[in-house]
Amino acid sequence: MGFAPRWFRACWGPNLVSRPAAPDTIPSMSLPGPPSHPHGHLHTHPHHLGEIDASLYLHPQTLARLSSFELRAKLIIEGLSSGLHRSPFQGFSVEFAQHRPYTAGDDLRHLDWKVFARTDKLQIKQYQQETNLDLVVLVDSSGSMNYGSRSFADASGSGREVSLDGRPMWTKFDHATALAAALAYITLRQGDRVGLTIFADQVRATLKRSSGQSAWRPIVAALATHPDQTPGGETRGSRLRRCFDQILSSLTNRCVLALVSDLFHDLDDLKEALARVRHAGHDLIAFQVLDRAEVEFPFDQAAPFVGLEGEPEVRVDPRALREAYLKVMSEHLTQVQRTLRAFGFDSQTVSTHDWLGPSVAAFVARRNAQLKRSKYG
Amino acid sequence: MPFLHPILAFVGLSCVALPILIHILMRRRRRPIVWGAMRFIELALAQQRKRTRLEQLLLLGARCLAVALVTVALARPLLEASSASPRGPRTLYLVIDNGVATSATTGGPGSTSEFDALRTQAEGLLSALDAGRGDRVALVTTASPVETVVLPPSPDVALVTQLVHALKPQDSRTDLVSALAAVRQSLASAPAPGVASLTPRSEVAILSPWRLGSADLKAALQPLSSKPGDEELTLVSTPPVSEPLTNIAITDAAALRPLLLAGSDSDSTTPVRVGLRRSGPGVSQPAVTTVRVSIRALTSTATLPASVPLLVHWEPGQETAWATATVPIPANAGEHAPPLAIVASADADAIAADNTFIRPLTTRDQLRVAIVGTLALTPPRTPDQFTPGDWLGLALAPSASAVDLKRTEIAVTPLDAATLTPAALAGFDAAFVTRPDLVAPEGLRALRALLDASGLVVLAPPPVAASPTWADGFERALGVTLSLAPSPKELSPASTPKPPASADRTLLAPLASELAELCKPVTVSRVLTPQAAELQPLLLLADGSPLLALATPGEARGTVAYLAAAIDLNWTTLPAMPLMVPVTQELLRQGVGRSAGLWTQAAGAPVVPGATDLRPLSVDGLITSTAAARSGTTPVFRSRGLWTATDRAGARLGILSINADPAGSRAEVQARPVIEAALAPLGPKVTWLDGVRSAPTGPGAAEPRPLDNADRTLDLLLLAGALAMVLAETLLSRLFSHARPGDLMPTSALPTGSTPTPAASAQEAA
């Protein structure tokens with residue numbers, strides 16, 4: 001394994017170096033210039049997007065790892081053109097859906113003669129019309145997403161010591177940025193459209209859906225230049241139901257929503273938001289981004305804790321509190337997963353200390369396999 | 001609970017606050033942690049708050065208890081917890097009588113004195129104290145003025161033992177009242193009892209032979225404690241001595257004329273009056289006491305003159321006696337010769353300190369007298385032309401002439417009253433002011449300077465009509481109160497002066513026998529009478545008002561005399577009568593010598609004002625003086641001796657002689673009931689220390705016994721408890737630290753998400 005370059009090991013981890021991607025499959029990560037905004041709805045920091053190096057968040061190896069996967073819609077999607085995904089508009093396409101009795105005026109080309117031969121009844125074959133997928137990545141930018149205990153240099157893999165705004169730590173929002181870029185890349189590669197919404201207490205920024213092959217770059221740029229949340233500055237929590245109301249009101253067709261958040265929300269708020277998504281007929285994939293320190297609570301010295309969302313300072317003895325904290329955290333995570341399952345949505349917990357490629361690839365593969373099993377029995 | 005080491009217990013219990021202080025100090029040293037998942041910390045805190053607080057309290061309690069147990073165990077608690085227990089800390093107030101009476105010896109020279117017995121008793125009491133237990137001791141000696149050697153009480157028993165060992169009987173009288181007042185003040189200012197186990201019991205031990213000179217039992221004593229029936233206070237005392245002793249003390253030895261004039265051919269001898277007082281059982285017996293009187297130079301190399309033996313015959317029951325001896329004066333006496341002193345020594349008896357009396361003599365080559373009045377341009381030819389200065393010049397120096405003025409005993413110099421200055425009056429021994437109405441403020445300052453230098457100022461009203469307001473200036477300047485009448489009073493018929501009843505004890509005592517006869521031809525027709533009550537009359541008028549009186553200045557050392565009639569024939573015939581010469585001569589000699597007499601005092605008496613520097617003067621074979629003790633800036637004399645008093649410039653002011661106080665050397669024994677009755681106002685009943693013991697026998701004064709097995713068991717239990725508490729603290733801190741490695745919840749253990757099947761979704765939704 002000594003021949004593997006550092007960026008390769010950093011991106012894929014030591015277990016995957018035995019199957020490196022071919023160099024010719026690695027797309028170029030440099031942005032040639034300011035990205036185009038065909039829909040003109042990007043409300044982000046006025047940072048020059050052309051200066052953003054996308055490799056800060058998504059390494060080419062990650063893209064290569066994900067290039068062979070397809071993200072399939074679990075629910076029926078209302079697309080504008082033919083694609084990979086099922087559409088609620090039943091037609092006479094490739095995939096059989098059901099029979100219905102013949103009525104006068106029906107096209108005789110769709111008559112199932114085999115059924116007529118067996119049952120002496122005229123039945124018309126109906127097919128499931130396949131459509132394209134609209135993926136809307138919803139990235140939580142609330143204050144709690146700005147926590148990180150991993151160094152930026154370790155997580156980025158680009159050799160840069162600090163982020164664009166000078167942070168030395170790799171936050172959950174940075175990880176969400178990388179995840180959004182990866183999802184956008186997968187989606188664009190299979191010809192589907194992808195959009196972006198950044199929200200906290202309300203929708204902060206939106207990128208309209210696009211199917212352009214380089215449409216993932218504006219997504220990375222928008223996320224990388226999104227205003228940071230600092231403890232001393234203006235704080236904002238996350239109001240999921242309100243944000244989803246705003247998001248859903250702007251969606252005119254059924255989409256797949258990729259929610260990237262730490263999901264440190266109130267469970268009732270989460271349930272109401274998910275119910276709205278479900279009622280609107282959208283599919284949702286929840287990526288719960290967590291930092292290792294948040295789930296292990298490795299502190300051992302009494303110290304004051306300052307919240308990132310304007311909470312008052314609390315003096316804590318971590319050793320005494322750790323057991324209760326882990327219990328509360330575990331219960332919350334379990335409740336979140338249970339809630340998501342109850343609504344039939346997939347979810348994936350992502351740790352900022354883990355490499356992104358394997359976890360996303362495993363999730364997509366597992367989801368596709370599940371879809372295949374449910375489809376064919 | 002009493003402790004063997006209460007101070008250690010107190011300090012150790014104070015250390016219980018250390019864990020709390022450490023906890024508070026450690027809180028301030030952490031940097032804040034910025035945290036995202038605060039809602040889970042708040043939720044966890046809400047669940048853990050009670051438990052965490054309980055854990056912290058348990059841990060803090062264990063730490064404090066461990067410290068407390070360790071310190072209590074080291075302080076050696078005692079099982080007998082009663083406050084009346086004899087095993088608690090004690091405070092011993094040691095009141096030792098070291099007055100002159102305690103120097104009495106029952107045997108011959110070299111035998112132990114009664115003070116030695118008291119010191120042995122005190123050392124025994126001190127040996128019973130235990131500084132480690134918290135015992136403290138105060139030491140007060142009763143020789144006047146009372147010395148609080150160690151007060152407030154000190155835990156350094158060893159140091160007090162050394163101080164007691166170094167104590168010696170003094171020559172002043174015993175002042176038990178002041179000593180007990182100091183003890184009472186210390187008891188009242190003692191800290192209020194807080195912890196019962198730390199409240200010391202107080203014990204006042206009066207060590208005295210209780211002879212009559214040691215205790216003035218007629219004085220009213222005040223209660224020692226402000227709390228009636230205070231059980232924490234005990235009173236013990238040595239029993240009164242029972243051996244009868246007869247003591248004879250020399251109370252005084254004074255020359256008839258304290259001022260010696262070296263130029264006087266007739267003064268080769270001088271009468272010396274010696275006073276004695278005897279006490280003890282021998283008073284009832286006739287006796288003869290031999291007193292040797294001499295006047296000698298206070299130098300070790302001087303040739304000792306022959307002393308004059310003086311036999312004093314005592315009648316049965318006679319306690320005091322006076323005798324006069326004619327003592328030769330050394331030939332080389334003078335201002336520039338070594339100082340002279342009268343030395344009277346009696347036979348050896350029980351108390352040796354009062355067998356010798358020393359009184360320094362003031363010697364002058366010549367008395368210099370200034371007559372402050374008007375200077376006549378021409379000498380008077382007839383008596384009716386004589387001024388007061390002329391009359392005084394004739395009276396003071398009747399045989400003087402301008403030629404042999406320097407050879408006379410008294411040199412008279414007329415000075416102008418209006419131009420009197422301190423420089424003009426410097427070097428004079430006395431000043432007769434005949435025209436006080438003419439004296440300017442500068443002249444008043446000059447007269448005050450003369451008084452400060454132990455001089456004599458004689459005032460007389462002016463012979464002419466003048467406003468009596470001049471008296472106000474004199475009273476302010478000289479510090480005397482005369483209260484003169486506003487105007488002269490005419491006496492009709494003229495009054496004849498007479499000596500007062502106590503003429504033999506006044507300045508005119510040398511004339512006492514013939515004074516009445518000399519007064520008869522004198523008449524006084526006009527006087528300016530003083531009305532002040534504190535004047536000492538030397539001559540009285542028929543109506544009892546003073547014709548000649550002494551006034552004592554408040555601060556100065558000199559003497560002021562006031563003659564109520566002007567020295568003028570229109571006022572009185574005194575200037576032309578024979579009384580004028582002896583009266584003015586004795587007034588001058590005795591007045592100047594009176595100031596010198598102030599330098600002889602009894603031990604313990606207040607020091608003569610004005611003495612700025614005192615150096616001990618030791619004379620071989622006579623007396624050995626030591627440096628005077630000091631109470632603040634004031635020198636204190638408790639033992640006899642001689643000191644040379646000088647002023648700031650180094651000029652010798654005089655010889656200070658301190659003799660034993662004869663009032664304190666009375667040797668009569670007193671009975672126990674009398675003493676008990678006298679000590680009853682103190683409060684606690686006195687317990688007698690019969691015999692020399694190492695501890696008193698009174699209630700609450702038992703000898704401290706060593707730690708018994710129960711105490712040692714308690715110590716072991718406390719140590720074991722402290723050890724257990726340390727172990728418990730270790731376990732609790734380990735337990736409450738929650739530092740168990742299995743608690744970590746790795747990320748892999750978290751739910752990683754799922755792809756729910758429709759059946760599972762339905763089940764979850766249900």
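Residue numbering restarts at 1 for every chain, and letters A, B, ... go by the order of the sequence lines.
If you tally non-hydrogen atom pairs under 4.5 Å between each of Phe299(A), Phe305(A), Tyr147(A) and chain B, the highest count goes to Phe305(A).
Contacts of Leu159(B) classified as side-chain contact (heavy atoms from CB on, under 4.5 Å), with partners at least two apart in sequence or in another chain: Asp156(B), Gln162(B), Leu163(B). Scanning for salt bridge (Lys or Arg N to Asp or Glu O under 4.0 Å) contacts around Glu272(A) gives Arg241(A), with sequence neighbours left out.
Heavy atoms closer than 4.5 Å to chain B are found in both the backbone and the side chain of Ala303(A). Residue Phe287(A) does not touch chain B at all, counting heavy-atom pairs closer than 4.5 Å.
Salt bridge Asp266(A)/Lys271(A): absent, no basic N to carboxylate O contact under 4.0 Å.
For the residue pair Pro312(A) and Glu42(B), the shortest heavy atom distance occurs at CD-OE2, 4.2 Å.
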